[in-house]
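To start, the structure itself, in structure tokens.
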2 protein chains.
Amino acid sequence: LIQIKNLSKIYHLGGVDVHALDRVDLEIKQNEYLAVMGPSGSGKSTLMNIIGCLDVLSEGSYVLNGKNVSGLDGDQLAEIRNKEIGFIFQTFNLLPRANALHNVELPLIYNGTGRLERKEKAEEALRKVGLADRAGHRPNELSGGQRQRVAIARALINNPSIVLADEPTGNLDSKTGAEIMRLLDDLHRSGNTIILVTHEEEIARHSERIIRLLDGQIISDEQIN
Amino acid sequence: LIQIKNLSKIYHLGGVDVHALDRVDLEIKQNEYLAVMGPSGSGKSTLMNIIGCLDVLSEGSYVLNGKNVSGLDGDQLAEIRNKEIGFIFQTFNLLPRANALHNVELPLIYNGTGRLERKEKAEEALRKVGLADRAGHRPNELSGGQRQRVAIARALINNPSIVLADEPTGNLDSKTGAEIMRLLDDLHRSGNTIILVTHEEEIARHSERIIRLLDGQIISDEQIN
Ligand SMILES: Nc1ncnc2c1ncn2[C@@H]1O[C@H](COP(=O)(O)OP(=O)(O)OP(=O)(O)O)[C@@H](O)[C@H]1O
Ligand SMILES: Nc1ncnc2c1ncn2[C@@H]1O[C@H](COP(=O)(O)OP(=O)(O)OP(=O)(O)O)[C@@H](O)[C@H]1O
Ligand SMILES: [Mg+2]
Ligand SMILES: [Mg+2]
């Protein structure tokens with residue numbers, strides 16, 4: 001499904017080169033459940049952004065579903081992002097002037113879903129993350145963990161085949177975090193591919209494979225369970 | 001130091017009343033080390049914002065250092081926030097167009113510290129959170145955990161007598177999180193008052209007292225250690 005070879009991401013900032021990712025080799029099969037761990041600044045979000053077609057690599061290659069991603073244009077990338085990938089951002093990235101329901105509806109607006117069906121699906125998605133009674137709140141009228149759950153509901157609403165979850169439980173208490181992990185585990189059982197960034201070992205243990213990054217490099221890649 | 005009596009925070013949203021805080025009674029002495037826990041949406045950040053003079057209560061009273069906070073004007077509140085309180089926000093709240101060094105300098109600009117001394121103190125503050133080599137990066141050129149650490153450095157730079165830390169390790173791996181907790185523990189030993197919101201029990205165990213919220217109410221208040 002995903003083939004990454006010799007991938008580097010290099011930022012040039014005032015004369016210094018920052019290797020956010022450094023010659024990464026990675027293969028991910030369909031329906032894998034993968035966790036990515038590593039210290040703050042080690043390149044986890046950068047890797048997710050490149051896999052999610054939100055950022056471009058500096059060197060190396062990324063083949064997704066048989067297509068070389070570097071060869072695709074803006075429209076093709078947008079279509080992949082909308083149809084095949086659900087992204088739960090580390091910093092949520094919600095529209096500040098839209099309420100929770102509208103934020104969750106967004107992916108369905110992009111793929112042309114009718115208004116009535118959109119509203120029903122968005123309400124259901126909010127119910128699944130325990131926020132049915134917050135549908136009308138805007139992000140600044142929500143707690144940190146509630147914003148995170150809106151971001152989760154939005155990412156999952158299209159039932160995307162690849163779910164990229166960047167620290168999905170970082171702002172959640174353990175009970176709410178467990179409910180979110182149940183959602184991701186269910187998706188995995190239904191055939192979706194789950195790639196999860198976390199710095200919590202217990203969350204990582206939901207996966208079948210743990211990759212550890214350090215200074216932009218993969219330093220270990222282990223099957224678990 | 002802090003006396004909160006019968007404090008409520010009520011939002012009126014389209015005909016529904018949301019009790020973010022509900023008749024909270026709380027006394028905090030100087031040099032206490034307090035942890036606040038509770039599920040997502042239970043009122044932790046709301047409580048911190050009111051203690052930090054960033055938000056106003058709807059009912060009840062809040063006395064800080066002998067002064068009734070509801071009786072203070074905007075300038076007096078701003079002075080308290082700058083001189084006595086260091087706030088580590090759950091969502092960081094960094095200036096997007098300023099680099100890390102400048103973000104950390106801000107509290108020193110507000111209290112009139114000279115340019116050279118500011119720069120030295122800001123560099124030292126960044127060094128303490130492991131970000132000396134990221135001083136020139138802007139927030140969107142930093143990882144999630146690096147932004148969190150810039151927010152921490154900024155909050156602590158004035159050596160404020162009260163530190164309000166809203167989930168300071170939420171985006172950090174355990175090693176980096178431990179370094180941040182060492183900073184907070186050191187501050188406590190030097191006499192500062194630390195109020196820490198966290199949903200991680202091990203982080204809460206650094207404190208001497210744990211308060212648990214549920215639906216805006218305090219449901220337990222225990223001394224530990
Ligand atoms: N401006 C607002 N208008 C209406 N409701 C609000 C507003 N701000 C917060 N709330 C509600 O108040 C409640 C408490 O929010 P708060 O941010 O204090 O929770 P929290 O305990 O910090 O949660 P988390 O652990 O998710 O950060 C939440 O249910 C939230 O939806
Ligand atoms: N636009 C940029 N310009 C320069 N450096 C950048 C930029 N974006 C990210 N970086 C650097 O790239 C490195 C990797 O960042 P990344 O966000 O992938 O880390 P991370 O592993 O997700 O960290 P965290 O656990 O803190 O979220 C960091 O050291 C960061 O400072
Ligand atoms: Mg990250
Ligand atoms: Mg909060």
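Letters A, B, ... are given to chains in the order of the sequence lines, protein chains preceding strands, and every chain is numbered from 1.
E117(A) is linked by a salt bridge (charged side-chain N to carboxylate O under 4.0 Å, His left out) to K121(A), counting only residues two or more places apart in sequence or in another chain.
Within a 6.0 Å radius of CG in D215(B), other residues, nucleotides and ligands contribute 12 heavy atoms or fewer. For CG of D185(B), the number of neighbouring non-hydrogen atoms (other residues, nucleotides, ligands) closer than 6.0 Å is greater than 12.
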Go through it in stages, so that I can follow the logic: the residues are E141(B) and V18(A), the test is side chain to side chain contact (heavy atoms under 4.5 Å, CB included), and I'd like the CA-CA distance, side-chain angles, deciding distance and then a yes or no. CA-CA 10 Å; E141(B) 295 165 338; V18(A) 176; over 6 Å; no
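Chain A forms more heavy-atom pairs under 4.5 Å with one residue of G177(B), G130(B), G38(B), G145(B) than with any other, namely G145(B). Note on E200(B), E201(B), R149(B), K44(B): by heavy-atom pairs under 4.5 Å with chain A, the leading option is R149(B). Comparing K175(A), Q146(A), H137(A), Q148(A) by heavy-atom pairs within less than 4.5 Å of chain B, the highest count is held by H137(A).
Taken from CE in M37(A) to OG in S174(B), the straight-line distance is 7.0 Å, to the nearest 0.5 Å.
The shortest side-chain heavy-atom distance between H199(B) and T176(A) does not fall under the 4.5 Å cut-off.
Interface residue L13(B): only side-chain heavy atoms are found under 4.5 Å from chain A. Proximity to chain B is absent for every atom of T46(A), based on heavy atoms less than 4.5 angstrom apart. Heavy atoms of E167(B) lying under 4.5 Å from chain A belong exclusively to its side chain. With a 4.5 angstrom heavy-atom cutoff, S42(B) does not touch chain A via any of its atoms. Proximity to chain B involves both the backbone and the side chain of S40(A), based on heavy atoms less than 4.5 angstrom apart. For V16(A), no part lies under 4.5 angstrom from a heavy atom of chain B. Looking at T91(B), only its side chain comes within 4.5 Å of chain A, counting heavy atoms on both sides.
Judged as a side-chain hydrogen bond (donor to acceptor under 3.5 Å, both in side chains), the pairs with a partner in residues 126-136 of chain A (not counting sequence neighbours) are, in order, E124(A)-R127(A).
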